[in-house]
Student: 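Once you've had a glance at the structure underneath, I'll fire off some questions.
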Amino acid sequence: MLRPVWTRVQDLHQGEFTRHALMVAEHGIGAALAALVPGGRLRDGVWELPGPEARDITLGGRGVLVPTFHWTGHPLIADLPGRPLGVTCPAGPGLPLTAEGADDGDGAPAGVLGRTRLAILVLLAGEQATGGLARRLGVSDATVSAHTAALRGVGLVTTVRAGRAVLHRRTALGALLVRRADPVPTPRPR
């Protein structure tokens, strides 16, 4: 049942993870928790969530957040003795997803980055030298250098010099953008 939309579900979860990770990095855990559930707020170290009943739960470092696209109601609390507290909360737009458009290929990232920069990100699953990238893409070393400088500027790749070679590697953020092992998109001739 999920096979036709599974890639889309994975992409949605990865997008939600990225969105919340950036929220924590930029605004702190309090803002991220408050934004996670509509109507929720963090006050004096207590995460207040809307729900059908009022109750106090002591986390004691044992909480697990479970964002899901399968539930769009109030947060569901699983508080079983000896187990981590589970808070299941809505994520993203919810279901149903349709198989149509479930596999967008490289369209969206390529539209933002450009096909050559996306191809570089895909190739950087492992460390690569500028010349090797240029040969694989059929472009000049200068073109690869310009593109990797742009990708480095937004935190998608790192670059180190090793003797005469310049080596590039995809960052965790770059890997999140690539998301899956798509075939290498080929740059369009200009």
Side-chain angles (χ1 to χ4, degrees), residues 2-29 31-33 35-36 65-70 90-190:
L2 288 175
R3 182 175 291 148
V5 296
W6 187 244
T7 300
R8 181 77 174 129
V9 169
Q10 289 176 310
D11 289 348
L12 289 169
H13 277 282
Q14 199 67 268
E16 281 295 292
F17 172 81
T18 303
R19 185 170 69 87
H20 291 295
L22 289 172
M23 173 73 86
V24 169
E26 292 176 357
H27 304 288
I29 191 70
L33 288 175
L36 189 62
L65 289 174
V66 185
T68 182
F69 292 92
H70 310 288
L95 294 178
L97 298 171
T98 62
E100 297 171 22
D103 186 5
D104 297 287
D106 66 358
V112 172
L113 294 174
R115 295 181 65 76
T116 303
R117 287 182 185 159
L118 180 61
I120 289 170
L121 271 182
V122 170
L123 288 172
L124 288 177
E127 193 171 66
Q128 298 276 332
T130 302
L133 288 169
R135 281 188 296 281
R136 291 194 63 191
L137 294 169
V139 299
S140 71
D141 287 6
T143 297
V144 169
S145 291
H147 285 303
T148 54
L151 293 168
R152 187 173 50 256
V154 293
L156 298 177
V157 301
T158 60
T159 301
V160 296
R161 183 169 289 282
R164 294 183 60 193
V166 177
L167 303 173
H168 310 282
R169 180 180 297 271
R170 191 168 57 196
T171 65
L173 185 59
L176 284 173
L177 185 62
V178 171
R179 290 190 296 239
R180 59 187 181 274
D182 285 331
V184 176
T186 54
R188 292 184 183 149
R190 296 186 190 256

Student: For a quick test of reading the model, state the closest non-hydrogen atom pair linking Asp141 to Gly131 and the distance between them.
Tutor: OD1-CA, 3.6 Å
Student: To the nearest 0.5 angstrom, please state how far the OG1 atom of Thr18 sits from the CE atom of Met23.
Tutor: 13.5 Å
Student: So how far is it from Ser145 OG to His168 NE2, rounded to the nearest 0.5 Å?
Tutor: 6.0 Å
Student: Just how far is it from atom OG1 of Thr130 to atom CZ of Arg161, taken to the nearest 0.5 Å?
Tutor: 8.5 Å
Student: Do you know which two heavy atoms are closest between Ala119 and Leu137, and how far apart they sit?
Tutor: CB-CD2, 3.5 Å
Student: Testing Ile120, Leu156, Leu124, Thr158 for side-chain contact (heavy atoms from CB on, under 4.5 Å) with Arg170, which one passes?
Tutor: Leu124
Student: Locate the shortest heavy-atom distance separating Leu167 from Ala162; write the atom from each residue and the value.
Tutor: CD1-CB, 3.8 Å
Student: To the nearest 0.5 Å, how far apart are CD in Gln128 and CZ in Arg169?
Tutor: 10.0 Å
Student: Find the distance between CG (Leu123) and CG (Leu118) and round it off to the nearest 0.5 Å.
Tutor: 9.5 Å
Student: Look only at the side chain of Thr171 and the backbone of Gly155, and say whether a donor-acceptor pair between them is shorter than 3.5 Å.
Tutor: yes
